[in-house]
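This is a predicted model, so every value here is computed, not measured. Every number for a ligand or one of its atoms is a count from 1 in the order of the listing.
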Amino acid sequence: MLSAFAQRVISLEPEGAYQVLARAQELEAQGREILHLEIGQPDFHTFPHISLRGIRAITEGQTRYNPPAGLPDLRKVIAEDVGQRRGIEIRPEQVVVGPGAKPGLFFPTLAVVEPGDEVIYPDPGFPTYRAVVDVAGGIPVPVPLNEENQFSFDLNIFEELVNEKTRLIILNSPANPTGGVMPMSDLEVIASAAEEYNCWIISDEIYARLAYDGQKTPSILSLPGMLERSVLVDGYSKTYAMTGWRLGYAVMPEDLAKRVELLLTHSIGCTATFTQVAGIEAITADQGMVSDVIDEYQRRRDHIVDGLNAIPGIRCQKPQGAFYVFPNVKSFGLPVSEIARLLLDDAGVAVLPGTDFGRYGEGYLRLCYAASMEIIEEALIRMAAFFEGVNH
Ligand code: PLP
């Protein structure tokens, strides 16, 4: 019987969100009413004008292969959009389109990391970072985040860890799972280390548009010298509620884009043509619906943060972006995997333990507030009752 698997897949683990979702669905099948705050996706549908454009593209016959790096028209509008929002000059040849933002994390990492290279990434952080480092044969170097500083990098530890073996630094702001936004002053420190040690940067900015209190989140790419060593990753899943369409992109130096294009050619081939046509519509049409959704998320954020802080023993920062809160539940003295399990089994509230995002996530829970106000309200009531029964 064949049983030996390649080293590059041995350490891969599933995403915790899918496991909790499966358990929640099991309970639902038994007749339980579960409140879903685990999966990170918008609770509203793709805006109708975008969906209709995609449908029309199918009926028009836009159902054939297209260039591996994406439709030229889409690359052009993305270059304009990113350039304008970030205040930088981007050429369409620097844009590589893929089925989601994930290929924008995966393929550039494969293209720059040699086995044995060190890769710095945030912990707690999106699990794909660790997975792609493992697949590339790199050495994972997690940097803990600092709760008091909007869950930005703990810069003292970052400066101890970065060195001449560091090949790549992965950033995510606004962040999953914390909602934290890295301040420009921190990005400056990271940029100067990247120059000193000649590192690549992947800046995952998939939540860049979901920023609150009228803020614009800073990008490391707007700092001098960073464009030629950085990959900006973004996509349609979160901003336009298009998780299932599978559409994202990455912006990078042209020579790297050519390498990534080859990886795409030989793996996915190309991204669905009609999805990309819908993507052009999403960017070029009026952005009013995006603004409305951001206002709604902000309302939910304020409500869930206030509600969590009103529960004795919980301390919750007010995140500046994305649609997650990351409350500190250390005072209850239980492993968060246990708290999350009990919350689901006993209270019917599905949340993720911070440890699903790395070991420094111990002591925290992740709740996604891309759920209706009613669900949030009911979850807060159930959580308050649940935590009352736990010593702290
Ligand atoms: N990056 C982060 C930080 C995410 O949270 C996610 C999805 O949850 C992704 C990337 C992947 O998004 P996509 O659906 O575009 O592949």
Is there any N or O on Asn176 that sits under 3.5 Å from an N or O of ligand 1?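 By distance alone, the answer is yes.
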
Any nitrogen or oxygen of Gly235 lying under 3.5 Å from a nitrogen or oxygen in ligand 1? Just yes or no.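 Between Gly235 and ligand 1 (N or O atoms, distance only) the closest approach is not under 3.5 Å.
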
Is Trp245 close enough to touch ligand 1? Criterion: a residue heavy atom under 4.0 Å from a ligand atom.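 Per 4.0 Å heavy-atom rule, Trp245 does not contact ligand 1.
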
Has Thr243 got any heavy atom lying under 4.0 angstrom from an atom of ligand 1?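 Contact absent.
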
Pick one of side chain, backbone, both or neither for how [X] approaches ligand 1, counting any non-hydrogen atom pair under 4.0 Å.
| X | result |
| --- | --- |
| Tyr207 | side chain |
| Lys238 | side chain |
| Phe357 | neither |

Is a donor from one side chain sitting under 3.5 angstrom from an acceptor on the other, for Asp204 and Tyr129?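 Result is yes, a qualifying pair exists.
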
Verify whether one side chain among Gln150 and Gln320 offers a donor that lies under 3.5 Å from an acceptor in the other.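 Not at all, the side chains of Gln150 and Gln320 share no donor-acceptor pair under 3.5 Å.
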
Proximal atoms of ligand 1 relative to [X] (non-hydrogen, under 4.0 Å):
| X | value |
| --- | --- |
| Asn172 | 3 (C) |
| Ser237 | 13 (P), 14 (O), 15 (O) |
| Arg246 | 13 (P), 14 (O), 16 (O) |

Gln94 vs Arg75 side-chain heavy atoms within contact, under 4.5 Å: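 Contact flag for Gln94/Arg75 side chains = no.
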
So His49 and Phe47, would you call those rings parallel, tilted or perpendicular, with 30° and 60° as cut-offs?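 Ring orientation of His49 relative to Phe47: parallel.
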
Looking at the rings of Tyr324 and Tyr207, which for Trp means the six-membered one, are their centres under 6.0 Å apart?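 Ring centroids of Tyr324 and Tyr207 are less than 6.0 Å from each other.
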
Establish, yes or no, whether a centroid distance under 6.0 Å links the rings of Tyr212 and Tyr297.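 Distance test on ring centres: not under 6.0 Å, no.
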
